[in-house]
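Here the structure comes first, spelled out in structure tokens, and everything after it is commentary.
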Amino acid sequence: MGIDSSSFSSISNRYEGRFVRHWDYNNSLIIYDKKSDDSRNAQSQAATTDQKEVQLQHDLEEEEPVPYVVLVQGPPKVGKSMLIKSLVKFFTMHHLDNVRGPITVVSGKHRRLQFVECPNDVNGMIDAAKYADLVLFCIDASYGFEMETFEFFNLLQVHGFPNVIGVLSHLDKIKCDGQLKVTKQRLSRQFRNEIYGGAELFYLSRLDNGMYMDDEIHNLAMFISVMKFNPLSWQTAHPYVLVDHFEDVTSPERVQIDNKCDRNIVMYGYLRGSNFKRGTKVHIAGAGDFPVYGITSLADPCSLPIAAKMKGVNDKERLFYAPMSGLWGLLYDKDAEYVDERNDNDEVTRSEIEGFRAGTYLKLEVHDVPFEMTKNIDPNCPILVGGISLEDENVGYMQARLKRHSWHRKLLKTRDPIIVSAGWRRYQTRPIYAQEDGGNRLHRIDSTPEHTDCLAMFWGPLAPLDTGFVAVHNLAGNKAAFRISAMGVILDFTQAAEIVAKILKKCNQVGTPLQTFKKTAPIKDMFTSDLEIDWFKDAAIQTARVRGNVEKVLLPCAKTNFGGLGYSISVKLVSLVYQLCLIGQAAKKKLVSELIRKGDQRREGIASCSFQHKISLCDKVFMRVWKQVSELKDSGDCTGQGMESVGELKDSLNKVIS
Ligand SMILES: Nc1nc2c(ncn2[C@@H]2O[C@H](COP(=O)(O)OP(=O)(O)OP(=O)(O)O)[C@@H](O)[C@H]2O)c(=O)[nH]1
């Protein structure tokens, strides 16, 4: 007996003991009266036994799909936990006291869902955008859209847009009916403009006994239970694990000796994306890259009913699994290895050859992670572990097209640290911003342009071409500012410094006159060699008042007239003649070559320049030149708040001084 949404509320209150639930072949949840169905079941049992066996066999041949991650996102106090509690109650009839970490529930005959509350710190949001299969955007209707929602839109745009559903809560705070209607229309229009025309929006009108209304949750849950999930290209191409349980297994003796020693940890979770081969390294978001010390597949703690039946597990124990919230559903031995009741030898051989399959529940052991990771572990901020290939381990220079987000208040300055999120990684780096001139040259700019994009060159773990990335300025919880600084795409990468060599920066070369004539003057200290003077022949120069041009290298004979320099060379010539008389032939040669070298050093880099008028001896002569920028090997995993920019450092220094 199926039920409609209006009668669900009353039935669900009487559910325990009398009503049972199951999923029909369309994956729809059906709740029916156990008593009235007992007699009908007895009659139909014999007739359906054969059919069930056929169906069971067919279902077993299908792969057991991994639970879909349903991320509940929204600003603080919008009702995220309340929504997860209401949905978990609907699917499992269990009341959750706390929402901590991923919560896996069986939502249908062929479907499991893993509910995760999206953290509001930038790190957590960035990671969540990478693992979400469906995002429920919670919007406080009495307030409207908030910054966190738009920040998350932007993160999704970069990391691949999964399915999204809008959920309007706090509607009961709008007392006037007319205003309620207008608000609903306005918010749904705005939501669909931001996402896409047909984006679904659900309304949660009020709370009932501290929970959302049953019929409204029923509609939302039914929609999620049958909706089609679209795999995202990055996720399907890489193995990854959303950790739902975490343990520090460092020996207590080691910690007693040094409580800041690197830790050994064990992480549990479903393998998603592609197969995980032994020997693959993993990137733990925010902590770095690590080899996997041990990997084991475990019995699925929340199997689909059909698979559990085969494994002989009691149905009632598998409806949910939320270890971080203190609800284990099915207790399992953490050391037990998964054994298939079909052919375990085949299973082991297969995992050796093709790796662990997506959907396997894994135990990953990683050694020597920084102690901060275990110290600062926050169950509300799930850990993302991404498998990395050999190419992903390379570091080098990347050239990217980058655009500052128009809502980010400040321009981004060259060499100021930013946190880049690309692929699984998020790391700090100090980019150089540049713009192309007509030729092959790139001109360094001091800060990002106001309304257009520019190029950014930075050092870091190499990401494939066309990978989108997002940059945040720092991770401090400054809620007043829009935290997404810029977005971009990787255009080029190399391990050599040739990308950086192409960037030129404008700077002033300063020289001083040795002596001044009517319209010419020899200029020293502006060039380092005669060759450089030849390069800059005819280049424009100027003093504070007078313009001029570089003419030519000053010849040695002419130079002897100039004060100290001429005197110094004359003294050296006299000394040469004197010493030549005293020493032998071999020593003579050595001395001559040495003197010539010294004399050359002295002579190099003095240019004869012409001016429009006579300049004075105390004038400084400037020439604007393009110079290559120095190297920018500067990046690292971002574990704390991130480095401070030069401006921020100056600010803090001023504060200390004052
Ligand atoms: N009146 C009313 N109150 C609501 C509604 N939804 C949630 N609340 C209340 O809002 C408060 C915050 O709800 P939570 O579910 O803890 O919100 P949250 O988004 O998880 O909060 P954080 O985890 O702290 O970010 C609770 O006191 C709820 O009772 C609603 O639709 N109407």
Side-chain angles (χ1 to χ4, degrees), residues 9 69-92 94-103 105 113-129 132 134-153 155 164-177 179-184 186-188 191 200-221 224 322 324-327 376-382 475 477-480 483:
S9 153
V69 178
V70 181
L71 185 81
V72 181
Q73 197 277 338
K77 302 291 169 207
V78 72
K80 299 184 289 293
S81 313
M82 192 67 72
L83 180 57
I84 293 180
K85 283 180 196 172
S86 301
L87 286 167
V88 171
K89 176 103 192 291
F90 174 81
F91 286 120
T92 67
H94 281 275
H95 179 79
L96 279 179
D97 290 329
N98 299 310
V99 175
R100 303 173 91 211
I103 297 162
V105 300
L113 302 173
Q114 199 165 41
F115 292 104
V116 180
E117 182 174 335
C118 184
N120 274 323
D121 75 290
V122 191
N123 275 336
M125 283 168 75
I126 288 173
D127 294 343
L134 164 69
V135 182
L136 301 182
F137 276 108
C138 294
I139 300 148
D140 182 340
S142 65
Y143 188 88
F145 285 91
E146 291 179 57
M147 195 182 64
E148 286 83 357
T149 308
F150 290 108
E151 283 175 337
F152 204 70
F153 279 154
L155 290 174
V164 297
I165 296 176
V167 180
L168 289 190
S169 63
H170 293 265
L171 286 164
D172 53 318
K173 287 190 183 161
I174 306 168
K175 299 293 176 208
C176 166
D177 278 355
Q179 200 194 342
L180 181 66
K181 195 176 164 198
V182 172
T183 308
K184 277 183 179 178
R186 179 174 53 81
L187 291 176
S188 64
F191 184 73
E200 287 295 332
L201 200 66
F202 285 81
Y203 303 112
L204 301 176
S205 55
R206 64 189 168 88
L207 295 174
D208 180 23
N209 286 331
M211 288 283 179
Y212 289 119
M213 300 292 288
D214 285 337
D215 54 344
E216 291 167 349
I217 289 295
H218 173 270
N219 291 341
L220 176 60
I224 299 171
M324 288 193 187
S325 300
L327 295 171
N376 303 330
I377 189 93
D378 177 4
N380 295 318
C381 200
L475 301 171
N478 179 6
K479 295 284 169 63
R483 290 171 290 180

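Order of appearance sets the numbers: ligands from 1, and atoms from 1 within every ligand.
- In this structure E151 satisfies the salt bridge (charged side-chain N to carboxylate O under 4.0 Å, His left out) test together with R483, sequence neighbours excluded.
- Remark: minimum distance from atom 16 (O) of ligand 1 to any protein heavy atom is reached at S81 OG, 4.0 Å.
- Contacts with ligand 1 closer than 4.0 Å are made by side-chain heavy atoms of E117 only, the backbone lying farther away.
- Considering only non-hydrogen protein atoms, atom 24 (O) of ligand 1 sits nearest to K77 NZ, 3.3 Å.
- The shortest contact between atom 17 (O) of ligand 1 and any protein heavy atom is with G79 N, 3.1 Å.
- By the criterion of a heavy-atom distance under 4.0 Å, neither the backbone nor the side chain of V99 is placed next to ligand 1.
- To the nearest 0.5 angstrom, I103 atom CD1 is 9.5 Å from T92 atom OG1.
- Checked against ring-ring contact (aromatic ring centres under 6.0 Å, His included), F145 has the following partners two or more places apart in sequence or in another chain: F150.
- Closest to atom 1 (N) of ligand 1 among all protein heavy atoms lies D172 OD2, 2.8 Å.
- Side-chain contact between I224 and L136: present, with at least one pair of heavy atoms (C-beta onward) separated by less than 4.5 Å.
- Looking at atom 26 (C) of ligand 1, its nearest protein heavy atom turns out to be M82 CE, 4.4 Å.
- For the pair I165 and F191, the tightest heavy-atom approach, listed with the atom from each and the gap, is C-CZ, 3.9 Å.
- Applying the 4.0 Å criterion to heavy atoms of P76 picks out, from ligand 1, the atoms 25 (O).
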Could you go through F91 and F115, starting from their C-alpha distance and side-chain angles, then the distance that decides it, and tell me whether this counts as side chain to side chain contact (heavy atoms under 4.5 Å, CB included)?
CA-CA 12 Å; F91 286 120; F115 292 104; 3.9 Å; yes

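- Remark: minimum distance from atom 18 (P) of ligand 1 to any protein heavy atom is reached at K80 N, 3.5 Å.
- M82 CE to I84 CD1: the interatomic distance, rounded to the nearest 0.5 Å, is 11.5 Å.
- Protein heavy atom closest to atom 31 (O) of ligand 1, with residue, atom name and distance, is H170 N, 2.8 Å.
- For the residue pair V72 and K80, the shortest heavy atom distance occurs at O-CD, 3.6 Å.
- Proximity annotation for atom 29 (O) of ligand 1: of L207, V78, N380, L207 comes nearest, heavy atoms only.
- Looking from atom 6 (N) of ligand 1 to the surrounding protein, the closest heavy atom is Y212 OH, 2.6 Å.
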